[in-house]
Amino acid sequence: MTNTALPEENGSSLFPLVLSIVAAAATGVLWTYANPIQLVPGIIQWRIFAFLPPLIGILLGWKSGFICGYLGTIIWSLLAGTFIPAHSLIVDGLAVGLTGLVPGLLFNPATTTFDKNTLIRIAAVCLGVGLVMVVAVSASLAFLNIFPFWWAVGYLGLSDIVPMLIGTPLLVASAQKILTAAHPAGFKRF
């Protein structure tokens, strides 16, 4: 693959900030209304759009990825009726925010060519940060007596890690081309 990096000229950080908030809203809405399979009704569904926070983090910057994951989780929990203040605002929000933050720190389209090896590394990072997120969220659900820890690990692993492993590497290069076409002058990652 060729490097079609987004130039980080003297552009504004407003573009990725606004896009990250729009992506967070889209993430929350998609997680609420476009999840075809309820793994544990009312608690865990297969979030086929779990790749959005890491994808946004890589393309728009680590802060944008964190915003997408954190706000997306809050929006989802409010819309789905699963909002639990201590769990949603602290553990779930921060853990899902990390799934956007960490890939955004490690991969920068301005300096990265999305070749086969990079896509494998992106999948490995999604797996690692996904495991951390799943363990943290499962521990919180178990602590609050909402769902047993090991069952939560299994179901959350299916619901979030699988889409991140497949979707993020699969879509990052094409999404980067779309962003480059949308903002050819470049922008500062946020």
Side-chain angles (χ1 to χ4, degrees), residues 1-34 47-79 88-90 92-115 117-130 132-133 160-161 163-190:
M1 294 188 132
T2 60
N3 186 1
T4 56
L6 300 170
E8 294 197 61
E9 305 287 326
N10 295 324
S12 169
S13 331
L14 187 59
F15 178 73
L17 174 62
V18 169
L19 266 180
S20 66
I21 293 170
V22 169
T27 298
V29 169
L30 288 169
W31 285 353
T32 304
Y33 300 112
R47 298 197 290 197
I48 56 177
F49 295 97
F51 63 83
L52 284 172
L55 183 67
I56 295 300
I58 292 169
L59 296 175
L60 302 177
W62 64 271
K63 293 176 191 171
S64 296
F66 182 82
I67 290 168
C68 179
Y70 185 85
L71 287 181
T73 297
I74 302 306
I75 292 167
W76 160 75
S77 65
L78 289 169
L79 290 174
S88 300
L89 291 172
I90 300 169
D92 201 15
L94 292 175
V96 176
L98 286 176
T99 67
L101 183 146
V102 173
L105 280 174
L106 298 177
F107 301 99
N108 182 345
T111 59
T112 302
T113 301
F114 293 114
D115 58 11
N117 290 333
T118 302
L119 297 179
I120 291 170
R121 287 194 339 254
I122 288 171
V125 168
C126 285
L127 174 63
V129 73
V132 169
M133 180 266 300
D160 288 8
I161 294 175
M164 287 190 325
L165 277 174
I166 296 169
T168 309
L170 184 66
L171 297 171
V172 70
S174 56
Q176 178 192 15
K177 289 177 185 174
I178 292 168
L179 272 179
T180 301
H183 208 289
F187 57 87
K188 292 180 182 177
R189 292 172 79 228
F190 179 74

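Residue numbers start at 1 and run along the sequence shown. This structure is a prediction, so every number in the text was calculated from the model and none was measured.
- Counting heavy atoms from C-beta on, the side chains of Leu94 and Ile90 come closer than 4.5 Å.
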_I'd like to know whether Ile122 forms a side chain to side chain contact (heavy atoms under 4.5 Å, CB included) with Phe114, so could you lay out the CA-CA distance, the side-chain angles of the two residues, the decisive distance to 0.1 Å, and finally the verdict._
CA-CA 9 Å; Ile122 288 171; Phe114 293 114; 3.7 Å; yes
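- Proximity of Val102 to Trp62: side-chain heavy atoms (C-beta onward) are nowhere separated by under 4.5 Å.
- The CG atom of Asp160 lies 11.5 Å from the SG atom of Cys126; values are rounded to the nearest 0.5 Å.
- A distance of 8.5 Å separates OG1 in Thr112 from CD in Gln176, rounded to the nearest 0.5 Å.
- Between the side chain of Thr118 and the main chain of Thr113, a donor-acceptor pair closer than 3.5 Å is present.
- Taking the side-chain contact (heavy atoms from CB on, under 4.5 Å) definition, one finds that Phe51 meets it with Phe49, Leu55, Thr168, Leu171, sequence neighbours left out.
- Shown here are the side-chain contact (heavy atoms from CB on, under 4.5 Å) partners of Leu78, two or more places apart in sequence or in another chain: Ile74, Phe83.
- Remark: the backbone N or O of Leu89 is paired with a side-chain donor or acceptor of Tyr70 at under 3.5 angstrom.
- Atom CZ of residue Phe107 and atom CG of residue Leu119 lie 9.0 Å apart, to the nearest 0.5 angstrom.
- Between atom NE2 of residue His183 and atom CG of residue Leu60 there is a gap of 10.5 Å, rounded to the nearest 0.5 Å.
- The backbone N or O of Ile161 lies less than 3.5 Å from no partner atom in the side chain of Arg47, so there is not a single donor-acceptor pair.
- Residue Val96 forms a side chain to side chain contact (heavy atoms under 4.5 Å, CB included) with just one option from Val129, Thr73, Leu71, and that option is Thr73.
- The backbone N or O of Ser77 sits nowhere less than 3.5 Å from a side-chain atom of Ser88 that would complete a donor-acceptor pair.
- Heavy-atom minimum distance, Ala50 versus Pro54: O-CD, 3.6 Å.
- For Arg189 (side chain) and Ile58 (main-chain N/O), a donor-acceptor pair under 3.5 Å exists by modelled atom type.
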*Walk me through it: do Val132 and Thr99 pass the test side chain to side chain contact (heavy atoms under 4.5 Å, CB included)?*
CA-CA 9 Å; Val132 169; Thr99 67; over 6 Å; no
Please list, one pair per line, the donor and acceptor atoms closer than 3.5 Å that link side chains of residues 14-29 to other protein atoms, with sequence neighbours excluded.
| from | atom 1 | to | atom 2 | distance (Å) |
| --- | --- | --- | --- | --- |
| Ser20 | OG | Pro16 | O | 3.3 |
| Ser20 | OG | Leu17 | O | 2.7 |
| Thr27 | OG1 | Ala23 | O | 2.7 |

